[in-house]
Amino acid sequence: MDKTASKAINVRSFRQKWKDYRRHPGSLILFLLVCLAALITLAVLFFLVVYILVMGIPNLKPSLFAWEYNSTNVSMTPAIINTVIMMVITLLIAVPLGICSSVYMVEYAKRGSKLVRVVRVTTETLQGIPSIVFGLFGFLVFVLLFKWDYSLIAGALTLAIMVLPVIMRTTEEALLAVPDSYREGSFGLGAGRLRTVFKVVLPSAVPGILAGIILSIGRIVGETAALIFTAGTVAELPTSLTSSTRTLAVHMYALLNEGLYVEEAYATAVVLLVVVLIINLISSALGRKIARN
Amino acid sequence: MRKYKESLMRIVFMLCACFSIFAVAMICIFLFANGVPAIAEIGAGKFLGGTVWRPLQDLFGILPMIVGSIYVTAGAIIVGVPIGIFCAVFMARFCPKRLHRFLKPAIELLAGIPSIVYGFFGLVVIVPVMQKIFGGSGKSILTASILLGIMILPTIIGVAESALRAVPDSYYEGALALGATHERSVFKAVLPAAKSGIMAGVVLGIGRAIGETMAVVMVAGNMAVMPDSILDGVRTLTANVVLEMGYATGLHRDALIATAVVLFVFILIINLSFSLLKGKGRANNG
């Protein structure tokens with residue numbers, strides 16, 4: 001009852017609004033521009049997704065998912081498996097590193113200490129570096145200096161450095177959101193700092209950390225420029241950590257580069273887009289869960 | 001024993017935290033150590049100011065690429081910034097809550113789409129349209145600007161929206177109480193207060209645009225010559241690296257790394273101004 005009353009005071013009828021706009025045409029123009037901008041943004045997204053799906057889905061032939069790649073079937077199965085392997089290795093490196101460093105930043109370091117400030121600046125710098133620069137760095141260090149050649153491990157290490165700031169930032173936010181009373185309770189029961197971190201703080205920060213990991217998966221799946229000169233473009237399943245592999249995004253680049261496989265590129269784009277859609281759905285569901293807590 | 005474990009883990013955590021410092025230092029060292037000698041060998045003036053890029057004849061002038069990157073980025077700003085800021089205003093102050101719940105994930109999806117998919121979209125949709133309207137190959141500064149303008153939208157919208165939301169409600173209410181319309185209050189009171197935050201978003205967008213590789217390679221035409229008009233094709237710094245790194249050797253390879261060094265210096269300047277602006281925004285809003 002109360003709610004509807006206050007609404008009636010604040011909300012003006014359409015006619016009143018129109019009268020206002022007649023008196024202030026500038027406001028009307030601004031209002032229309034603002035709506036137009038939002039509309040354009042949505043329309044572009046909608047058009048892109050629908051266009052790729054409509055043009056690509058008819059091209060999803062079973063031969064594209066054959067187990068072995070060759071130049072007649074242009075199968076993307078090896079690329080899909082490679083993407084999963086690349087993702088797992090990258091996360092195995094980046095997640096522990098990211099979580100540990102966030103734990104230090106939030107739980108151990110003194111607030112505003114010099115080290116914390118420097119780490120903040122460097123993670124922000126890392127986040128702004130374009131992926132091609134990461135790719136070149138990986139090429140110089142892992143491929144040339146360590147002599148690993150184009151390899152799975154060189155690609156994974158490059159990607160791990162790339163997604164580290166994403167994991168650090170989200171984990172830090174998740175740790176900061178854990179109420180201090182949890183820590184005090186744990187200390188009060190006689191637990192040490194280490195036990196408190198692992199048994200109390202980290203478990204309650206899991207949804208936030210997961211959100212960071214999912215965000216990183218999105219980056220890994222979509223990455224091309226950092227991988228071309230580190231993991232290479234061989235379209236076969238890897239036999240070891242040092243064999244060259246192409247992920248799905250690199251596969252798509254290779255198809256477009258050869259210029260003969262536009263239909264197959266459409267199909268690959270569909271698969272990439274669907275993966276990204278799923279990742280985004282999971283991440284917004286997680287986000288809602290965090291917000292509820 | 002416990003104490004020993006505690007302090008050991010403390011050191012482990014600290015080392016992990018230092019890793020990002022280590023990574024940035026390594027990236028700087030390796031890029032500069034490989035790129036700067038090449039610049040010295042070619043000659044800084046010839047490298048940065050030379051307009052001819054012919055690796056086979058040992059001519060390494062990257063001015064066309066620097067100009068190309070700047071043109072394309074500027075174009076992306078012209079396309080993306082007005083739409084981005086207006087859209088952020090819509091999301092922060094105009095849109096009903098129910099629509100926002102749908103719009104926010106949509107913008108996040110726009111940010112999550114891989115750049116290679118954007119590039120492909122540009123190649124099969126924007127390029128043919130440009131061909132029809134202006135003739136020629138359709139791959140040009142204009143095409144790349146439009147595509148990049150779309151790609152930087154989510155970055156600008158995200159940062160600008162949170163800057164607009166951080167402005168205290170009293171600003172808006174004060175303007176309303178003085179008789180201003182909703183639009184006037186938002187644009188004359190709230191928007192100026194969020195100025196540095198919005199600028200930070202724009203700067204971040206500039207960083208994205210200048211560093212973008214795969215999408216630009218697909219639609220910019222990639223000719224390493226000085227462009228005469230916005231309908232000419234260009235090659236950006238990023239495209240130069242990605243196109244030729246695969247087969248380059250010797251001085252050619254070092255020149256490409258030096259190209260990345262130039263790009264890296266641009267990025268560092270952009271990053272620095274981003275953090276300065278962000279710090280200023282935080283100081284303004286208490």
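FYI, side chains are in, hydrogens and waters are out, and symmetry mates aren't considered; it's all heavy atoms of this structure. Every chain is numbered from 1, with letters handed out A, B, ... down the list of sequences.
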Counting heavy-atom pairs under 4.5 Å to chain A, which of [options] comes out on top?
{"options": "V124(B), L109(B), V117(B)", "result": "L109(B)"}
{"options": "I27(B), V12(B), I83(B)", "result": "I27(B)"}
{"options": "T213(B), L272(B), L123(B)", "result": "T213(B)"}
{"options": "L153(B), I113(B), V89(B), I107(B)", "result": "I113(B)"}
{"options": "M26(B), K104(B), M214(B)", "result": "M214(B)"}

_P105(B) versus N280(A), closest heavy-atom pair with distance_ =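 What the structure gives for the nearest pair is O-ND2, 4.2 Å.
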
*asked:* Looking at every non-hydrogen atom in both residues, tell me the closest pair between R10(B) and Y104(A) and how far apart they are.
replied: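 For R10(B) and Y104(A), the tightest heavy-atom pair comes out as O-CD1, 4.2 Å.
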
_CZ (R169(A)) with more than 12 external heavy atoms under 6.0 Å_ =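 Counting neighbours around CZ of R169(A), more than 12 heavy atoms of other residues, nucleotides or ligands fall under 6.0 Å, so yes.
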
Quick one: are [X] and [Y] in side-chain contact, heavy atoms under 4.5 Å?
{"X": "I150(B)", "Y": "T41(A)", "value": "no"}
{"X": "E107(A)", "Y": "F13(B)", "value": "no"}
{"X": "E6(B)", "Y": "R193(A)", "value": "yes"}

*Applying a criterion of heavy atom separation less than 4.5 Å, what residues of residues 28-38 of chain B form contacts with chain A?*
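Residues in range: F30(B), L31(B), N34(B).
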
Contacting region of [X] [heavy-atom separation from chain A under 4.5 Å]:
{"X": "I270(B)", "value": "neither"}
{"X": "L263(B)", "value": "side chain"}
{"X": "R253(B)", "value": "side chain"}
{"X": "V186(B)", "value": "neither"}
{"X": "I157(B)", "value": "side chain"}
{"X": "I85(B)", "value": "neither"}
{"X": "F102(B)", "value": "side chain"}
{"X": "I267(B)", "value": "side chain"}

*asked:* Keeping E124(A) on the side-chain end and S275(B) on the backbone end, is there a donor-acceptor pair under 3.5 Å?
replied: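 Pair absent, no side-chain N/O of E124(A) close to backbone of S275(B).
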
*Donor-acceptor pair, side chain of E108(B) and main chain of S284(A), under 3.5 angstrom*: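 Judged by distance alone, no pair lies under 3.5 Å.
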
*Interface residues of residues 93-102 of chain A facing chain B - heavy atom cut-off under 4.5 Å*: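 At a heavy-atom separation under 4.5 Å, chain B is reached by L97(A), C100(A), S101(A).
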
_Assess, by modelled atom type and distance only, whether the side chains of S20(B) and T122(A) contain a donor and an acceptor separated by less than 3.5 Å._
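Checked: S20(B)/T122(A) side chains pair up, N/O donor to acceptor below 3.5 Å.
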
Give, for atom [atom1] of [X] and atom [atom2] of [Y], the distance between the pair rounded to the nearest 0.5 Å.
{"X": "L39(A)", "Y": "F86(B)", "atom1": "CG", "atom2": "CZ", "value": "14.5 Å"}
{"X": "L273(A)", "Y": "F120(B)", "atom1": "CG", "atom2": "CZ", "value": "11.5 Å"}
{"X": "L256(A)", "Y": "M218(B)", "atom1": "CG", "atom2": "CE", "value": "4.5 Å"}
{"X": "M14(B)", "Y": "L115(A)", "atom1": "CE", "atom2": "CG", "value": "6.5 Å"}

Please classify the contact of [X] with chain B as side chain, backbone, both or neither, using a heavy-atom distance under 4.5 Å.
{"X": "V103(A)", "answer": "side chain"}
{"X": "I40(A)", "answer": "side chain"}
{"X": "F229(A)", "answer": "side chain"}
{"X": "L45(A)", "answer": "both"}
{"X": "L28(A)", "answer": "neither"}
{"X": "L48(A)", "answer": "both"}

*Mind jotting down which residue pairs meet the ring-ring contact (aromatic ring centres under 6.0 Å, His included) criterion with at least one end in residues 33-56 of chain A? Sequence neighbours excluded, please.*
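Those involving residues 33-56 of chain A are F47(A)-Y51(A), F47(A)-F121(B).
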
Donor-acceptor contacts under 3.5 Å from residues 129-144 of chain A side chains, at least two apart:
unit_1	atom_1	unit_2	atom_2	d
S131(A)	OG	E223(A)	OE2	3.2

